[in-house]
There are 2 protein chains.
Amino acid sequence: MATIGERGTGERGTGARGNTRELVLDAALASFGTTGYDGTSLDDLAAGLGIRKQTILYHFVSKRRLLDSVVDRCAGELVKALERVLAESRGDGRSDWERVEGMVREVFRLALDQPVLLGLLREVSRPNSPGADRVRTHLEPLMARARRWMEDEMAAGRMRRTDAQLLLLSAYSTVVGVATEIEVLRAAGVGPTLRPVAQRRGELLRFLRRSLDPAAGS
Amino acid sequence: MATIGERGTGERGTGARGNTRELVLDAALASFGTTGYDGTSLDDLAAGLGIRKQTILYHFVSKRRLLDSVVDRCAGELVKALERVLAESRGDGRSDWERVEGMVREVFRLALDQPVLLGLLREVSRPNSPGADRVRTHLEPLMARARRWMEDEMAAGRMRRTDAQLLLLSAYSTVVGVATEIEVLRAAGVGPTLRPVAQRRGELLRFLRRSLDPAAGS
DNA sequence: CCTGCTCTCTACCAGATGGTAAGGGAAGCG
DNA sequence: CGCTTCCCTTACCATCTGGTAGAGAGCAGG
């Protein structure tokens with residue numbers, strides 16, 4: 001457990017000046033993702049970091065805003081990663097389908113790198129969850145953009161016709177579903193979970209290909 | 001909102017003698033499934049039913065045991081439903097595969113009939129969730145039985161060889177995944193969700209068939 | 001009538017929770 | 001040096017939490 005400064009040495013004030021915020025965000029992400037929002041207490045969170053709850057509140061004002069900040073940071077990372085993949089494959093001679101595949105692979109790579117992200121996503125996509133709105137405002141522009149792009153490609157005949165909205169949501173919930181799958185497997189004592197996750201990825205890619213790639217059979 | 005007895009009429013004591021327990025279980029199932037265990041307060045739960053928290057505690061002793069009771073009832077229903085399907089198809093000239101398909105369909109039917117069940121399942125299959133143990137003790141015999149049966153059938157050559165444990169867990173997490181999918185779709189304002197759920201069912205059945213049915217191609 | 005059982009209530013509590021108020025040490029700056 | 005700003009602290013609080021204690025209403029049986 002990473003702590004800030006050294007407790008009990010009489011040292012005070014400046015601990016690890018400047019990165020307390022980030023450390024709190026890390027710990028909060030982990031706690032929200034595993035114990036849930038309601039199950040996370042600011043006191044425990046602070047204790048785990050060797051600081052006081054009021055320090056957290058100093059940086060984030062309220063528990064609710066802390067959750068928002070965590071969501072913001074994660075969404076930011078996601079968007080940045082996707083932008084990167086998109087930029088790398090742009091202009092390149094790749095087909096639409098190959099670019100879609102690249103994005104899917106990137107998302108799965110991110111999820112496997114940082115399983116806590118999936119935990120948060122799962123927690124936050126619960127009905128009535130605080131932060132659900134926040135996630136939506138982050139994801140909506142992404143979704144809208146993808147939908148517009150797909151619809152353009154369909155109109156141009158480079159992509160098979162289908163319901164873009166439903167397809168995107170289906171892909172999204174597949175990813176969220178991976179979160180539960182990992183937890184189920186770990187609960188059953190099976191792990192590491194690379195193979196089943198790769199299988200889900202394969203299913204999703206096949207499904208997308210069937211729906212989108214005009215060169216794919218049926 | 002169903003209330004017990006009539007509040008404020010001076011009436012007291014016997015309200016709807018005998019079924020308070022069941023009403024509390026219903027409300028608790030809904031609340032645990034949507035708001036989560038930590039997010040559910042006994043006071044709110046009681047208020048929603050027009051009774052006092054102490055009445056709930058009289059019947060269930062503690063919040064924790066209330067959750068256990070909810071889980072017990074749901075698991076009981078599930079087991080009963082599966083037993084029924086199994087009994088109906090026994091002796092009948094059905095192949096193994098057809099019986100498996102019947103069970104899958106029954107589970108999906110149950111889940112669509114009572115979406116709250118999925119909510120609970122989702123809540124309770126979270127790591128560190130109280131009640132996770134309870135679910136496991138209910139599901140483990142079912143799983144073990146299915147695994148033994150599958151292994152017998154495989155040995156007899158009536159079923160394609162595969163990892164029974166992993167296959168069962170995969171099927172299980174697909175069902176849990178449906179819970180998240182429904183929530184995601186509702187959050188996005190899409191609904192009713194019959195079509196995507198049916199699609200997941202189709203995917204699961206295809207996957208199972210590919211893995212199990214010796215008469216299926218590849 | 002009395003007794004005992006079942007069920008629900010009022011009254012109360014200790015502990016945890018998120019949040020407010022205010023102070024103090026360190027560093028930058030004039 | 002004094003002043004301000006940043007960061008983190010101690011002290012405190014109102015509220016909500018799950019849970020305990022005990023009383024009272026209704027009913028059944030002797």
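As a basis for the values below, the full set of heavy atoms in this structure was taken, side chains included, without hydrogen atoms, waters or symmetry mates. Convention: sequence-line order gives letters A, B, ...; per-chain numbering from 1.
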(request) Please figure out whether A:Ser41 or A:Val61 has its closest DNA chain C nucleotide nearer the 5' end. (result) A:Ser41

(message) Less than 3.5 Å apart, any donor N or O on the side chain of A:Arg200 or B:Thr174 sitting next to an acceptor on the other?
(response) yes

(message) Starting the side chain at C-beta, find the nucleotide from D:dG19, D:dT10, D:dC8 nearest to A:His59.
(response) D:dC8

(request) Answer yes or no: does a side-chain N or O of A:Arg52 lie under 4.0 Å from OP1 or OP2 of D:dT10? (result) yes

(message) So, OP1 or OP2 of C:dG18: does either fall under 4.0 Å of a side-chain N or O from A:Ser62?
(response) no

(request) Quickly work out the B:Lys63 NZ to D:dT20 P distance and round it to whole Å. (result) 15 Å

(request) Provide, to the nearest angstrom, the distance between the CG atom belonging to B:Leu57 and the P atom belonging to C:dC9. (result) 12 Å

(message) I need the CZ-P distance between A:Phe60 and C:dT20, as an integer number of Å.
(response) 16 Å

(request) Return the value, rounded to whole Å, for the distance between atom CD1 of B:Ile56 and atom C1' of C:dC9. (result) 14 Å

(message) By nearest heavy atom, map A:Lys53 and B:Arg64 onto DNA chain D; which one lands nearer the 5' end?
(response) A:Lys53

(request) Provide, to the nearest angstrom, the distance between the CG atom belonging to B:Leu66 and the P atom belonging to D:dT17. (result) 15 Å

(message) Side-chain N or O of A:Thr20 versus OP1/OP2 of D:dC7: is the shortest distance under 4.0 Å?
(response) no

(message) Nearest 0.5 angstrom please: B:Leu67 CG to B:Arg134 CZ, how far?
(response) 9.0 Å

(message) Against the six-membered ring of B:Phe32, is B:Lys63 placed for a cation-pi contact (under 6.0 Å from the centre, within 45° of the normal)?
(response) no

(request) Please state how far atom CZ in B:Arg21 lies from atom P in C:dT6, giving the value in whole angstrom units. (result) 14 Å

(message) How many whole angstroms separate atom CG of A:Leu42 from atom C1' of C:dA16?
(response) 12 Å

(message) Please report the distance, rounded to the nearest Å, between CD in A:Gln54 and P in D:dC7.
(response) 17 Å

(request) May I ask you to verify if any side-chain N or O of B:Thr55 is less than 4.0 angstrom from the OP1 or OP2 atom of C:dC9? (result) yes

(request) Answer yes or no: are there more than 12 heavy-atom neighbours, outside A:Arg65 itself, under 6.0 Å from its atom CZ? (result) no

(request) Give me the one residue out of A:Thr40, A:Asp26, A:Asp44 that meets side-chain contact (heavy atoms from CB on, under 4.5 Å) with A:Ser31. (result) A:Thr40

(message) Nearest to the A:Tyr58 side chain among D:dG18, D:dT9, D:dC7, which nucleotide is it?
(response) D:dC7

